[in-house]
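Inspection log for the structure reproduced underneath, given as structure tokens.
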Amino acid sequence: MSRKSSDHEYNLRSLSNLMGERRKKPNDDTGERSLIKAASSSSINSQATATAASTGDLERAARKQFQEDVTPSFVYVLAGFSALGGFLFGYDTGVVSGVMLLLKKEMNLSALWQELLVSSTVGAAALSALAGGVLNGFWGRRPCILLASFLFSVGAVMLSVAPSKEILLVGRVVVGLGIGVASMTVPVYIAESAPTHLRGRLVTINTLFITGGQLFASVIDGAFSYLPKDGWRYMLGLSLFPAVLQFFGFLFLPESPRWLIQKGKTQKARRVLSQIRGNQNIDEEYDSIKTSIEDEEKESGGDGPVIWRMLTYPPTRRALIVGCGLQMFQQLSGINTVMYYSATILQMSGVKDDKMAIWLAAVTAFTNFTFTLLGVWLVEKVGRRKLSLGSIAGTALSLFVLAVGFLVSAQHSPPITLHPADPSTLNNTCTTYGFCSDCMLNPDCGFCYLLNGSSVVDSSCDHVNKASTGEAAWGRCSNETAMADGTFWAYNYCPTSYSWTVLMGLVMYLIFFAPGMGTMPWTVNSEIYPLWARSTGNACSSGVNWMFNVLVSLTFLHVTEYLTYYGAFFLYSGLAALGFLFIYGCLPETKGKKLEEIESLFENQLCTCGVSDSDEGRHVEYIRVKGSNYHLSDNDASDVE
Ligand SMILES: O[C@H]1[C@H](O)[C@@H](O)[C@H](O)[C@@H](O)[C@H]1O
């Protein structure tokens, strides 16, 4: 072994011994000091020493390494309890599809009431996310999370004992108010408490909990759908447990240290910082937060509502555009319609058993969850920008594949050969269609056919049974006994041998969307605003997310009616491609930056596609101002004509 490498090994050993010592004696500052001394006097990074690295660099590197190695587990506990808010967000939005299947039969709900019970939650979430900004600023993050878990608990009780549809509606609104507040507060609270090197990962865990909640909801939907009565009460009531757990957990968890410093509660802030940093030396972090708050206050200047100050101060205005744009494109990529219609999409690809549909939705939720986990792993490795760009490019491509799948399926859609008069209604619209592709777009009709080998014969378009879309209102496909061997009922889809393209598109979609576009909009928003604008910025961007969520889900059926399925997916694919350009032009890399350093990334950025010449989107060398002037920015502040 050469002298150099044995030196290196020795120094590594002494470094790790010191770290070991330090772990045993967390209150002893000398451990850290001698560690830094050891590192700086060593050839631990022999290459760097040989080149330009100064003692200061080594000290910094050693301190960073040291802090990374002694991250106390408390911060994970804090993130875990906060992310229960994400779990409830996912559970309460996901469980409703199974609930509606049972409720509409038991309470005999009209289409309007079904629509109200589903969208009231999302609508309430949009409003409360916006209001949550003001509450976060005044009360702090902790009371807002306590409020959200209280609302989740009250809502769960109301829903599980609801004697009427009116009480159900109130319960769904209460739960929605909780979701909105949680969705904007939790990422901010985690980001403000996490150490820089773990921030992205811990905030992304919140989205993992969202998709985990959706997965759990789909399994519960499947399990309780077998109950003859009141299954929906259990489905809705189960969310009480995580809600109560979060409430009690938060009675013991601290306020965000950054919010405390901003409000001048400096002693308390120091105590909290020491608690969550495991008694590491917190002076540097404390001072840098304090200085940046003072600077920010000077810079953002002026009075007036925060949103006004954000819009009139260019860096926060740019950050707001990036944050809201990311959330908008997340929803415009159609995640919730793809999830909602995944059972139908999977049925198209050959699964005939209707009872399987509910479990198929669980498979989709499982895939979404698994690939979100990939995002948690990737976020600190490849960074936010590359992850978002790769994800949205893949999402656009997958949507294109889905669209082509639907197009080919429609072009090979089986013709309708039988046109029997419908005895059950005066309206014979269904029987007039010539092809299955037209029949399936009308929500009142379904396709009834016989399979002879693999070819479709004796097909008709019949009225659907309103109480159960799994059968026709009358005739050969009206119930299981009427259905002879080889007779099938297809609602909302057409049997085709090209459906594998659609299935491939769906799987690709989830693989690409979940790790990046599913997670990054929440993660990036939690870190791009300076402290004074953070609550308002997150309130606006979360509000945008919920508004586009409602918009996309409410318009999906109309869009498919006008543009057909393939048209709708071509449209989503185009929107995702636009999202790619937006992210390429506007999103800087925030990985590894302190929250206090991130504002500067928006100082010289213009939201013009392709102006950034660096992959990291950080060093914008030339930017176009008013179409003709070019500035050299970031490293060199001189102006160039
Ligand atoms: O980030 C989440 C996640 O991707 C969910 O699966 C989706 O349902 C939500 O709308 C989204 O905000």
Side-chain angles (χ1 to χ4, degrees), residues 83 85-97 118-119 121-126 129 176 179-187 190 200 203-218 221 323-342 361-376 378-379 384 387-388 391-392 394-395 398-399 506 509-526 538-554 556 572 575-576 579:
F87 182 87
L88 286 157
F89 158 173
Y91 185 83
D92 281 318
T93 49
V95 81
V96 72
S97 49
V118 176
S119 28
T121 307
V122 186
I179 297 181
V181 175
S183 71
M184 67 124 322
T185 313
V186 169
I190 301 180
V203 179
T204 311
I205 284 183
N206 184 49
T207 319
L208 183 71
F209 273 53
I210 299 177
T211 54
Q214 290 173 331
L215 170 61
F216 190 68
S218 56
D221 274 357
C324 292
L326 277 175
Q327 293 287 23
M328 179 182 85
F329 282 113
Q330 178 192 69
Q331 293 302 318
L332 287 181
S333 307
I335 174 65
N336 291 305
T337 37
V338 169
M339 293 266 284
Y340 198 77
Y341 290 94
S342 61
V363 174
T364 316
F366 177 74
T367 319
N368 192 23
F369 171 77
T370 316
F371 285 91
T372 308
L373 197 62
L374 178 69
V376 173
L378 285 177
V379 60
R384 293 44 161 169
L387 190 54
S388 306
S391 166
I392 198 153
T395 302
S398 318
L399 285 164
L506 173 69
Y509 179 93
L510 292 169
I511 291 177
F512 280 112
F513 179 88
M517 282 313 284
T519 56
M520 287 307 104
W522 297 108
T523 306
V524 168
N525 268 289
S526 72
N538 275 277
C540 293
S541 61
S542 310
V544 166
N545 179 293
W546 290 111
M547 283 187 284
F548 277 89
N549 186 329
V550 183
L551 187 85
V552 173
S553 11
L554 284 189
F556 182 72
Y572 292 148
L575 291 170

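When a ligand or atom number is given, it counts from 1 through the structure's own listing order. Fair warning: this is a prediction, and the values are worked out from it, not measured in the lab.
Within a 6.0 Å sphere centred on CZ of F556, heavy atoms belonging to other residues, nucleotides or ligands number more than 12. F216 CZ: 12 or fewer foreign heavy atoms inside a 6.0 Å radius.
Distance from atom 6 (O) of ligand 1 to its nearest protein heavy atom, with residue and atom name: Q214 OE1, 2.9 Å. From the protein, the heavy atom lying nearest to atom 12 (O) of ligand 1 is Q330 OE1, 2.9 Å.
Every atom of ligand 1 with a heavy atom of N545 under 4.0 Å away is listed here by number and element: 12 (O). Heavy-atom contacts of T207 reach the following atoms of ligand 1: 1 (O) (cutoff under 4.0 Å). Close approach to N368 involves these atoms of ligand 1, each under 4.0 Å from a residue heavy atom: 6 (O). Heavy-atom proximity to W522, at under 4.0 Å, picks out these atoms of ligand 1: 1 (O), 2 (C), 12 (O). Of all the atoms in ligand 1, the ones that sit under 4.0 Å from a non-hydrogen atom of N336 are 7 (C), 8 (O), 10 (O). With ligand atoms numbered from 1 in the order given, ligand 1 contributes 4 (O) to contacts under 4.0 Å with heavy atoms of F513. The distance from ligand 1 to the heavy atoms of G518 drops below 4.0 Å at these ligand atoms: 1 (O), 2 (C), 4 (O).
Using a 4.5 Å heavy-atom cutoff, the side chains of W522 and S542 are in contact. Under the 4.5 Å side-chain criterion, counting only non-hydrogen atoms from C-beta, T364 is in contact with L510.
Side-chain contact, T523 with T204: a donor N or O sits under 3.5 Å from an acceptor N or O.
Here the CZ atom belonging to F512 is positioned 12.5 Å from the CD1 atom belonging to I392, to the nearest 0.5 angstrom.
A donor-acceptor pair under 3.5 Å links the side-chain atoms of N525 to the main chain of P521, judged by distance alone.
Residue contacts with ligand 1: Q331 is included, with a non-hydrogen atom under 4.0 Å away.
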